[in-house]
There are 2 protein chains.
Amino acid sequence: MPRPREFEPDTVLNVAMLRFWERGYRATSIEDLVKATGVKPGSLYSAFPGGKHALFLKSLERYSKLVVPEKLGELEASGASVAEIRGYFDGLVRDLLSPEGRQGCLLVNTAIEKAAEDDGAAAVVRGHLARLERCMTHALENAARRGQVRASLDCPGSAKLLVATCQGLMVVGKANPDEALLRAIVDNAFAALG
Amino acid sequence: MPRPREFEPDTVLNVAMLRFWERGYRATSIEDLVKATGVKPGSLYSAFPGGKHALFLKSLERYSKLVVPEKLGELEASGASVAEIRGYFDGLVRDLLSPEGRQGCLLVNTAIEKAAEDDGAAAVVRGHLARLERCMTHALENAARRGQVRASLDCPGSAKLLVATCQGLMVVGKANPDEALLRAIVDNAFAALG
DNA sequence: GTTGTTCTTGAATGAGCGCTCATATATGTT
DNA sequence: AACATATATGAGCGCTCATTCAAGAACAAC
């Protein structure tokens, strides 16, 4: 009996995610989303109770579920090893050097912009970092078993370092998207495993 | 003959720097600075032509000149070696774990918040990263000469990696200020030099 | 066709934003 | 005292922000 909804909430959420990703939380206004989607403020607020902040948290979760797996690729597979870690880093570098990828990672940006003042956002970021660390640890353990890394390597510790390295890669890449610099960082990170 | 100025511009600049550091560019309003300093908008704008953005750039430069040298400490000395790099990293970890230091580094925060849209700010950030890289390279070369690192170490490349690592440390520390985690990152970064 | 329910609309709200300007004020010189 | 000059003041500019709400509109059930 009710009037049917004329827009797809997921479409709005997708636009919101992209805007938050590109410009950050504070720099993205509801007006932006209204213009980009054609959905008027009233409809937007009734579809997303909690307003802008709720929309932001949902965007973070959507990013985790849709974008992150795409970036991780085979690194999340159970057989992943050094090659898959390398593939992930190479993907990061490629993204940072491309015009569309300069925005970096929504979750890293959020860690800097909002983690200190927004526990909900910080929790999503921590979940992401933990997930990354899990992949890296698993891949390093596989590598150790196959003799692809030095025997003395502390796999869980090195995984934590690799996670930090890729966050750092994104900070450096954002200020200075220089291919030689980014490749040197990645190469030396891998040299340290051998 | 003119009426003398009743406030010290450097005091205002210092407050601005602290606010931008703690809360970021967008989240800091002129009204904030007016309240914090007692200096009224008109006086503020006449003392800092260019408004909020000029005040921000001046804050970045002030940070580079006053705060950064304090954090770098002996790492900028010509005799610096592995111990000084270690000292710098330990200082970062200490800061990230303390209530006052959770804001991280103004220049890293700026890299994420504004580098993509603000060339002036990005240039200051790049200058900072270059300075860090220079220190690290120099310290690693000293270390190599003293046999404190493995002979095969690529000093300039490892310096780039160390710079990225400390940026990553700050991202991780902001989302998850966990001592064991941060120490593990630092320990493994140094293990890789050995 | 009437009713009930949900959705859409877009003007309106009040607060806050960065910034300006006419006016008042404090000085050294004459 | 009167003046010239640089500063201080703070109300107020036009705008944007996130958010709300009363009114109209589209459907299914009856």
Side-chain angles (χ1 to χ4, degrees), chain A residues 1-60 62 106 109-110 113-114 117-121, chain B residues 1-60 109-110 113-114 117-121:
Chain A
M1 32 232 273
R3 175 174 179 174
R5 184 171 268 145
E6 292 175 6
F7 66 94
E8 186 55 55
D10 271 0
T11 306
V12 172
L13 190 51
N14 210 50
V15 169
M17 183 195 78
L18 290 172
R19 294 276 173 174
F20 287 137
W21 190 2
E22 280 169 12
R23 323 226 300 118
Y25 180 78
R26 271 182 223 267
T28 300
S29 70
I30 297 294
E31 175 73 5
D32 283 340
L33 306 180
V34 169
K35 274 184 185 150
T37 60
V39 176
K40 303 293 179 286
S43 301
L44 212 155
Y45 275 85
S46 79
F48 296 95
K52 186 184 180 183
H53 187 252
L55 207 40
F56 180 62
L57 290 182
K58 277 193 183 296
S59 294
L60 293 184
R62 186 179 178 82
L106 172 58
N109 300 352
T110 298
E113 188 190 353
K114 282 198 73 62
E117 69 184 55
D118 181 340
D119 277 351
Chain B
M1 42 253 261
R3 174 175 181 173
R5 184 170 265 147
E6 294 174 6
F7 65 94
E8 186 55 56
D10 271 2
T11 306
V12 172
L13 191 51
N14 210 50
V15 169
M17 184 195 77
L18 290 171
R19 294 278 174 174
F20 287 137
W21 190 1
E22 280 168 10
R23 325 226 297 117
Y25 180 77
R26 271 180 222 268
T28 301
S29 71
I30 298 294
E31 173 76 3
D32 284 341
L33 305 180
V34 169
K35 275 185 184 150
T37 61
V39 176
K40 302 295 179 285
S43 302
L44 211 154
Y45 276 86
S46 80
F48 296 96
K52 185 184 181 183
H53 187 252
L55 208 40
F56 180 62
L57 291 182
K58 278 193 182 300
S59 294
L60 293 184
N109 300 352
T110 298
E113 188 190 352
K114 282 198 73 63
E117 70 186 54
D118 181 341
D119 276 351

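Just so we're on the same page: letters track the sequence lines, and every chain starts at 1. Just so it is clear, the values below take in all heavy atoms, side chains as well, and ignore hydrogens, waters and symmetry mates.
- B:E22 CD to B:M17 CE: the interatomic distance, rounded to the nearest 0.5 Å, is 9.5 Å.
- The minimum heavy-atom distance linking A:E113 with A:R26 is given by the pair OE2-N, 3.0 Å.
- Judged as a side-chain contact (heavy atoms from CB on, under 4.5 Å), and not counting sequence neighbours, the contacts of A:T37 are A:V12, A:V15, A:V39.
- In plain terms, the two heavy atoms of B:Y45 and B:G51 that are nearest each other are CE2-CA, 3.5 Å.
- Sorted by residue number, the members of residues 46-55 of chain A with any non-hydrogen atom under 4.0 Å from DNA chain D read A:G51, A:K52.
- Residues A:R62 and A:D10 form a side-chain contact, since some pair of their non-hydrogen atoms from C-beta on lies under 4.5 Å apart.
- Note: CZ (A:F7) to P (D:dA25) measures 19 Å, nearest angstrom.
- Rounded to whole Å, the distance from CD on B:E8 to C1' on D:dA8 is 16 Å.
- Within residues 38-45 of chain B, the residues having any heavy atom under 4.0 Å from DNA chain C are, by residue number, B:P41, B:G42, B:Y45.
- Residues passing the side-chain contact (heavy atoms from CB on, under 4.5 Å) test with A:L18, sequence neighbours excluded: A:N14, A:W21.
- Residue contacts shown for A:I30 include a base, since a base heavy atom lies under 4.0 Å away.
- In terms of heavy-atom proximity, A:A27 sits nearest to A:D32 at O-OD2, 3.7 Å.
- Residue B:K35 contributes atom NZ, which lies 17 Å from atom P of D:dT9 at whole-angstrom precision.
- Closest heavy-atom contact between A:T110 and A:A121: CG2-CB, 3.9 Å.
- Nearest heavy atom pair, residue B:A16 against residue B:L55, reads CB-CG, 4.1 Å.
- Distance CG (B:L33) to P (C:dC19): 11 Å, rounded to an integer number of Å.
- Taking every heavy atom of both residues into account, A:R19 and A:T28 meet most closely at O-OG1, 3.3 Å.
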Which atom pairs link the protein and nucleotides 3-6 of chain D when you take only N or O atoms and keep those under 3.5 Å?
unit_1	atom_1	unit_2	atom_2	d
D:dT5	O2	B:M1	O	3.3

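- A heavy-atom distance below 4.0 Å to DNA chain C is reached by none of the residues of residues 21-29 of chain A.
- With rounding to the nearest 0.5 Å, the separation of CG in B:L57 from NZ in B:K52 is 12.5 Å.
- Using bins of under 30°, 30° to 60° and over 60° for the plane-to-plane angle, the ring pair B:F20/B:Y25 lands in the parallel bin.
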